[in-house]
Amino acid sequence: MRYIDRRFLFPVVAASAWAQQQAPGAAAAEAAVRARAQTFFDLQVAKKYRQGEAMVADESKDAYYNGAKFNIDSFTITKVQVAEGNAAADVTIKAKVTVIVPAIGQTVHTEAAQTTHWKLENSEWVY
């Protein structure tokens, strides 16, 4: 039976671990977008939509004004994925949502996953 010398495994393991680490710029971008999204969704939970407006991209403000607002009771950010170049990101939240069933009129609390798209605009992360 043949055995592999353990000294040959170290470079393979080290290269694998190094390849999975984020670049310093990507880690900083992820932390910044996570903090900004946390603040935005905290405002949505508090139903402070006008204050959240400052965190919406200029071209999306009409859709933000006219569209349905998030009706969440609580949330957790489950995933932040920063795109190449650190100028865009997808933030996935898991939210407890209040839903009113029209036929019954009953309020149902359920958990839903929502992915939102963020971008860097004037050195600020915006929804």
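If you're wondering where the values come from, they're calculated on a predicted model, not measured in any experiment.
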Nearest heavy-atom neighbours spanning Val97 and Ala112: CG2-CB, 4.0 Å

Set of residues satisfying side chain to side chain donor-acceptor pair (under 3.5 Å) with respect to Asp73, sequence neighbours excluded: Thr98, His109

same_hphob_cluster(Val126, Leu120) at 4.5 Å side-chain heavy-atom cutoff: no

Summary of salt bridge (charged side-chain N to carboxylate O under 4.0 Å, His left out) pairs that have at least one residue in residues 39-48, sequence neighbours excluded: none

Results of ring-ring contact (aromatic ring centres under 6.0 Å, His included) for Trp118 - residues two or more places apart only: Phe40, Tyr127

Thr92: side chain to side chain donor-acceptor pair (under 3.5 Å) partners, not counting sequence neighbours: Thr115

Of all pairs that satisfy ring pair (Phe, Tyr, Trp, His ring centres under 6.0 Å), the ones with a partner from residues 84-104, not counting sequence neighbours: none

Pairs under 3.5 angstrom only: tabulate donor-acceptor contacts from the side chains of residues 83-91 to other protein residues two or more places apart or in another chain.
{"residue": "Asp90", "atom": "OD1", "partner": "His117", "partner atom": "ND1", "Å": "2.5"}

Side chain to side chain donor-acceptor pair (under 3.5 Å) partners of Lys94, counting only residues at least two apart: Glu111

Side chain to side chain contact (heavy atoms under 4.5 Å, CB included) partners for Gln114, two or more places apart: Phe70, Ile93, Thr116

Any side-chain heavy-atom pair of Arg34 and Ile77 under 4.5 Å: yes

Quick one: side chains of residues 54-68, donor-acceptor pairs under 3.5 Å with protein atoms, not counting sequence neighbours, listed by atom name and distance.
{"residue": "Glu59", "atom": "OE2", "partner": "Lys119", "partner atom": "NZ", "Å": "2.8"}
{"residue": "Tyr64", "atom": "OH", "partner": "Gln44", "partner atom": "NE2", "Å": "3.1"}
{"residue": "Tyr64", "atom": "OH", "partner": "Tyr49", "partner atom": "O", "Å": "2.8"}
{"residue": "Tyr65", "atom": "OH", "partner": "Glu53", "partner atom": "OE2", "Å": "2.5"}
{"residue": "Asn66", "atom": "ND2", "partner": "Asp62", "partner atom": "O", "Å": "3.2"}

All side chain to side chain donor-acceptor pair (under 3.5 Å) counterparts of Glu124, not counting sequence neighbours: Arg36

